[in-house]
Visitor: 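Take this structure, written in structure tokens, and hold onto it; I'll ask about it next.
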Amino acid sequence: MKVEDLHSWKLGIPEALRLQQSLAHLVCYKDEISEVRWVGGVDISAPNSQGCARGAVVILDYPSLHTVEVKIVEEKVEFPYVPGLLSFREAPLIISAFRMVEKVPQLLIVDGQGIAHPRRLGLASHLGVILDLPTIGCAKSLLCGKVAEVGSEAGSFSLIWEGEEVLGAALRTKRNARPVYISIGHRTDLEGALKWILNLCQGYRLPEPTRRAHNACSANTKC
DNA sequence: GCGACAG
DNA sequence: ATCTTGTCGC
């Protein structure tokens with residue numbers, strides 16, 4: 001059985017919610033990142049009027065950060081956008097693009113939450129479990145939890161709290177830019193995740209892997 | 001019941 | 001995500 005066949009994507013909302021609860025047990029919160037040669041970034045575009053979207057996986061050489069591979073797919077998006085169920089909408093396209101990749105990355109940066117999610121299984125964690133890769137969630141806004149103001153210097157961060165639980169951190173990656181929200185995806189810890197994200201930022205708010213994946217899928221879809 | 005709500 | 005001009009800061 002292939003990893004991507006861990007479960008079906010043709011689910012209703014109640015089934016998706018139940019699946020998240022079971023998959024959340026499989027998420028690893030320990031740092032298992034090692035010998036990074038390639039770092040991946042993934043993103044999908046907004047679906048067009050026909051429901052077709054573009055999914056992209058970009059592979060960067062590390063530490064040069066040169067793009068060494070780009071894979072794009074265009075498919076119809078089936079699942080509706082429901083806050084908390086984003087992975088059921090986006091993961092199918094990302095996985096399709098990912099299976100075409102030749103240089104399998106040792107770390108994947110995802111545009112969305114990891115465990116900073118109501119059931120601790122945001123897109124980054126879900127993809128990490130399915131692809132069995134270390135992943136880091138790097139979202140542009142908060143889904144759940146509370147966070148204090150972040151210092152203005154690049155590198156400043158403030159923890160995301162939900163009750164007594166730390167879900168991640170708001171991280172200032174660039175001066176005069178809003179912070180990004182970092183959380184463990186899979187097989188990473190928060191400290192490592194923050195270091196990696198800062199290390200992958202090259203003068204822009206978003207880390208290079210995610211930024212390039214976004215650019216790669218921003219062109220108009222053909223279907 | 002009310003507000004919040006990744007992309 | 002998207003609707004949308006000018007404008008403030010480096």
Visitor: Tell me what Gly137(A) touches on the nucleic acid: a base, only sugar-phosphate, or nothing, going by heavy atoms under 4.0 Å.
Guide: nothing

Visitor: Over how many whole Å does the gap from Ile136(A) atom CD1 to dA6(B) atom P extend?
Guide: 21 Å

Visitor: Quick one: are Ile33(A) and Gln106(A) in side-chain contact, heavy atoms under 4.5 Å?
Guide: no

Visitor: Rounded to whole Å, please give me the gap between CG in Leu142(A) and P in dA6(B).
Guide: 9 Å

Visitor: Please give, in whole Å, the distance from dA6(B) C1' to Phe79(A) CZ?
Guide: 14 Å

Visitor: Students often mix this up, so state it plainly: with edges at 30° and 60°, are the rings of His126(A) and Phe88(A) parallel, tilted or perpendicular?
Guide: perpendicular

Visitor: Once you round it to whole Å, what is the distance between P of dC8(C) and CZ of Arg175(A)?
Guide: 21 Å

Visitor: Could you check which of dC10(C), dA6(B), dA1(C) has an atom nearest any side-chain atom of Leu123(A)?
Guide: dA6(B)

Visitor: Which is true for Leu85(A) with a 4.0 Å heavy-atom rule: it touches a base, it touches only sugar-phosphate, or it touches nothing?
Guide: base

Visitor: Considering only heavy atoms from C-beta outward, does the side chain of Trp9(A) approach that of Ile95(A) to under 4.5 Å?
Guide: yes

Visitor: Reckon Tyr81(A) has a side-chain N or O less than 4.0 Å from the OP1 or OP2 of dA1(C)?
Guide: no

Visitor: 5'-most contact on DNA chain C: Asn176(A) or His214(A), nearest heavy atom basis?
Guide: His214(A)

Visitor: In whole Å, what is the span from the CG atom of Asn48(A) to the C1' atom of dA1(C)?
Guide: 13 Å

Visitor: So, Lys71(A) and Glu69(A), do they make that salt bridge, N to O below 4.0 Å?
Guide: yes

Visitor: What stems involve DNA chain C, if each pair must be Watson-Crick or G-U and both of its distances must be under 3.5 Å, with 3 or more such pairs in a row?
Guide: none

Visitor: When you check the phosphate oxygens OP1 and OP2 of dA1(C), does a side-chain N or O of Lys140(A) lie under 4.0 Å from one of them?
Guide: yes

Visitor: Roughly how many Å is it from CZ in Arg89(A) to C1' in dA6(B), rounded to a whole number?
Guide: 12 Å

Visitor: Taking the side chain as every heavy atom from C-beta outward, state whether Ile182(A) and Phe157(A) have any atom pair closer than 4.5 Å.
Guide: no

Visitor: Taking the six-membered ring for Trp, does Tyr181(A) stack with dA6(B) (centroid gap under 5.5 Å, planes within less than 30°)?
Guide: no

Visitor: May I have the distance from Leu86(A) (atom CG) to dA1(C) (atom C1'), rounded to whole angstrom?
Guide: 10 Å

Visitor: Answer yes or no: is there a side-chain heavy-atom contact under 4.5 Å between Val82(A) and Arg89(A)?
Guide: no

Visitor: Roughly how far, to the nearest 0.5 Å, is CD1 of Ile109(A) from CG of Leu200(A)?
Guide: 5.5 Å

Visitor: Describe the nucleic acid contact of Gln113(A) in one word from base, sugar-phosphate, nothing, applying a heavy-atom distance below 4.0 Å.
Guide: base

Visitor: Measure CG/Asn220(A) against P/dT2(C) and give the value in whole Å, please.
Guide: 11 Å

Visitor: From C-beta outward on Ala46(A), which listed nucleotide comes closest to its side chain: dA1(C), dA6(B), dC10(C)?
Guide: dA1(C)

Visitor: OP1, OP2 of dC5(B) versus side-chain N and O of Ser141(A): anything below 4.0 Å?
Guide: no

